[in-house]
Structures are given as C-alpha cells and as structure tokens.
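Data first, discussion second: the structure below is written as structure tokens.
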Amino acid sequence: MTREERCAKIEEAIKALDFKGNYIKHERYGNGHINDTFLIQFNQDDRNVKYILQRMNHEIFKDPDQLMKNICGITEFLKKKITKSHGDVNRETMNVIDTKKGEPFYKDSIGSYWRAYQFIEDAISYDQVDKPEDFYQSAVAFGRFQHLLSDYKAESLYETIPNFHNTPTRYQTFKEAVKKDICGRAKNVTPEIEFICNREDDMKICMDLLNKEQLPLRVTHNDTKLNNIMIDNKTGKGICVIDLDTVMPGLSIFDFGDSIRFGANTAAEDETDLSKVSLNLQLFELYAKGYLEGCNGSLTKKETEMLPMGAKTMALECGMRFLTDYLLGDTYFRIHRENHNLDRCRTQLKLVEDMEYKWDEMNSVIKKYM
Ligand code: ADP
Ligand code: GN1
Ligand code: MG
C-alpha cells in the first residue's frame, strides 16, 4: 500500500469513529511490534485533544469482534472498580471510542479493522528501564491489574490467540519451522536451534503444573512489557495498563516472567552485543516486590515459588518465537532491519543462559517474599 492509500484509509476510519471536534493531523506512534498505532489530534473548542487510533493486526488477531468484546468487558469492569475507589476512569483504564454507529471498531472498505482509545495525557510508556523506580511502579500496576481482575469471569473471555503462552505447543510450531525451513535459514542458526531443543523438558514445567491444578488459571494480561504500562508524569505511578489485546485466561507467573525478560534485562530486547545482555538481579527483586505488593496477597504459595520459572519460561518461549519467525521469513513481528528477529532471539537465549547461571540467587530472592 502506498503512503497516499494508507492515509486515505486512516481518514476513512477517522470519519467513521465518533471523535469530537475538528481533525488536525495524524502521525505514527509508539514502538509496538504488532498493531499499527497512530496519534490523532483534534481541535475541540480551541483545545488540542488527542486519541490513539490503531489498525488491528487482523493476520494475528483473527476475530476482531471477539477481541473488542474482551476489551470492552474488561474495561467496563475496571471502570466500576475504579469509580468505587474514587479513581479517575479517564486515566486509570483504557476508554474505547465507538464508531458513529455505536460499534467498538470499524471495518474499512478493504477489510482492515480500526479501533480508537482516548489518549492518556501526562503519562509515558518506557521502552527500557531508565530509573529502577519506574520498573517497580510498573510491577505494582501489573500486580494490581491481576488483583482487580481476580473476580472477573475468566470463562467469558475469548482466546484471542489460541495457545498464546502454551510453551510446549510453541515448541512444536518451532520444530515444524526448523523441519520445513522454507527460507533456507536453518543452517545459519544451528547453535540456537540446539540451545532450544536441549531445553524441551523445561518448557513443560509450568503448563504441567497448570494441568495438574497446582497453579490456578487466572485472568492475565499476557504481554506485560514495560512499554505496555503508562507511567504518570507527575506521580511516577503506573497509572494504566494498556495493550489489552491478549487479556485471556493464563498464568500469573507468565505475566511476571514476561516483564522480567524485557525489563530486568541489562540490554535492549534487540541488542546485538550479547556481552551486554544479562539478568539484573536487583531489578528482578524490585519487580518481584512490586508485583507481589500489587497482587495484594492474591497469589498462592506455589505461584510465588514458581516466579523464577515463569521468568525463564517466558524468555525461552519468546526467544523461540523470534527464531520461529526468522525461519518463517519474518511475517509475525514487525522488523526494522535484516536479521532483527534473529538478534532478538539471541538476546532472549543469552538471558535464559544467565538465568540458569543465577538460578539459586533468583530463588533465594523469591524466598524472602514468601
Ligand atoms: P502494540 O500491540 O503494537 O504493542 P500498543 O497498544 O501497545 O500496540 O500501542 C503502542 C504504543 O502506543 C504504546 O506502547 C504506547 O506508547 C502508545 N499508546 C497506546 N495506547 C495509548 C493510550 N491510550 N494513550 C497513550 N498512549 C498510548
Ligand atoms: C509483541 O505487541 P507488543 O509489541 O507489545 C508480542 C508479545 C511479545 C513481544 C516481544 C500479540 O508485543 O507476545 O512478547 O512482542 N505480542 C503479540 O517484544 O504477539
Ligand atoms: Mg504494546
């Protein structure tokens, strides 16, 4: 699609959605790997009002109707709780903007799906940890999110991506990608393939505990990267959990783990100098403290004990997903350079290696909070 064609589609979506005021401009926004995100500006009574407009990734999220039902259900539920505790419903949860016809999303003339949210002002989402305090506050906010949704009807949620964090299923998909090797890239990544295959047994541990009912199925976010939290500019608190596309039944230890693999890494997710990649144990502890505080006693003893395994499993799974996408020709995660998915895979596997090296220390940290 040319730039002009894309702009025309954005403008079609803007016309269909129930924004107030006069449209000024739009620009690409954020660093998400999945959706196309735009900042939209309007003039309302001489005030500049912003919205977030997203073209949902329909290749990945097959059923936008079910996805938006999940999001509307969750945000309405959160709004009731926030109102009860005298919070600000405009900033502490996402607010979906309906279309002029009252639908929560718009399907354009070429079959793309669009949805919009109120823009959360005076807050920022970080792509890496600059101040440990921000990471701690994100932990409290993700923990609180878990706690607030602990009485949400999990069975009412659609599985927006089936088997999203089913690590053994991901492993099967990975092995098929290696076997088919449709791009002829497997020969470049023999050590990475071997590293993953050597850890087949580790991948089953958390899902086995779920199947044996030793870990509870909860309503989880499933994509708890630091940049999916808005941090308030004034108070420094994690004000709002965003990117709700993958809220589904899942494991709390995976929400914990996904945050760790992203935020407690001493390097960026796509760092090419692997000597910079390691697990920062201080950040690991800070996040564990914040997450448990936010959960406010709602995690079981077993869940708490398994937090390190949640972190290792998420790093391993994510590394395997990046490598699968590299082998399949980079069709899932948005890439910005050649071998981007391979670079991302390598940081995750290096992180797994470092977690294995620091395994006893990780477990000792968690014991302090049990
Ligand atoms: P993706 O699924 O591609 O990661 P996100 O929903 O996380 O997309 O959005 C991408 C980025 O856009 C976020 O990291 C955040 O910076 C910004 N963003 C998303 N929603 C809002 C919002 N309601 N208010 C302010 N910024 C937002
Ligand atoms: C994607 O959408 P975003 O950028 O927040 C992905 C996550 C991965 C992450 C890796 C729906 O998250 O599962 O952990 O990239 N989201 C989806 O950075 O697949
Ligand atoms: Mg995101």
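Whatever order the structure lists ligands and atoms in, that order sets their numbers, starting from 1. On a predicted model such as this, the values are computed, not experimentally measured, just so you know. Worth knowing before you read on, the calculation uses all heavy atoms, side chains too, and leaves out hydrogens, waters and symmetry mates.
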Closest approach of His147 and Ser150, non-hydrogen atoms and distance?
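Smallest heavy-atom distance, with atoms named: O-OG, 2.7 Å.
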Subset of ligand 2 atoms that lie under 4.0 Å from at least one heavy atom of [X]:
X      : result
Gly32  : 4 (O)
Asn228 : 5 (O)
Phe333 : 6 (C), 15 (O)
Phe61  : 11 (C)
Asp243 : 2 (O), 3 (P), 5 (O)
Tyr332 : 11 (C), 17 (C), 19 (O)
Thr246 : 11 (C)

Using a plain distance cutoff, I'd like to know if Gly30 has any nitrogen or oxygen under 3.5 Å from a nitrogen or oxygen of ligand 1.
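Such a contact does not occur with ligand 1.
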Min N/O separation Ser125 to ligand 1 under 3.5 Å
yes
With a heavy-atom distance limit of 4.0 Å, tell me whether Asn35 approaches ligand 1 through its side chain, its backbone, both, or neither.
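Both backbone and side chain of Asn35 come within 4.0 Å of ligand 1.
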Side chain, backbone, both or neither: which part of His33 has a heavy atom under 4.0 Å from ligand 1?
backbone
Does [X] come within less than 4.0 Å of [Y], counting only side-chain N to carboxylate O?
X      : Y      : answer
Glu76  : Lys79  : yes
Asp343 : Arg337 : yes
Lys350 : Glu271 : no
Asp151 : Lys153 : no
Asp330 : Arg185 : yes

Closest non-hydrogen protein atom to atom 12 (O) of ligand 2, residue and atom name please, with distance?
Asp223 OD2, 3.1 Å
Considering only non-hydrogen protein atoms, determine which one is nearest to atom 2 (O) of ligand 2 and report residue, atom name and distance to 0.1 Å.
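For atom 2 (O) of ligand 2, the nearest protein heavy atom comes out as Ile34 CG1, 3.2 Å.
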Could you tell me whether [X] approaches ligand 2 through its side chain, its backbone, both or neither, with non-hydrogen atoms closer than 4.0 Å?
X      : value
Asn31  : neither
Asn35  : neither
Arg344 : neither
Arg261 : side chain

Under 4.0 Å from any heavy atom of [X], which atoms of ligand 1 are there?
X      : value
Gln54  : 5 (P), 6 (O), 8 (O), 9 (O)
Asn228 : 7 (O)
Thr37  : 8 (O), 9 (O), 10 (C), 12 (O)
Gly32  : 1 (P), 3 (O), 4 (O)

Taking the inter-plane angle between the rings of Phe38 and His26 on a 0 to 90° scale, is it parallel (under 30°), tilted (30 to 60°) or perpendicular (over 60°)?
perpendicular
Is it the case that one hydrophobic cluster holds both Ile161 and Leu244, taking links as side-chain heavy atoms less than 4.5 Å apart, direct or via other members?
yes
Should [X] and [Y] count as side-chain neighbours, where that means a heavy-atom distance under 4.5 Å?
X      : Y      : result
Leu299 : Arg218 : yes
Leu67  : Tyr158 : no
Leu53  : Tyr117 : no

What protein atoms of element N, O or S are positioned under 2.8 Å from the Mg ion (ligand 3)?
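Checking every protein N, O and S atom gives Asn228 OD1, Asp243 OD2.
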Consider ring-ring contact (aromatic ring centres under 6.0 Å, His included). Of Phe119, Trp114, Phe19, which one does Tyr51 pass it with?
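It is Phe19; the other options fail the test.
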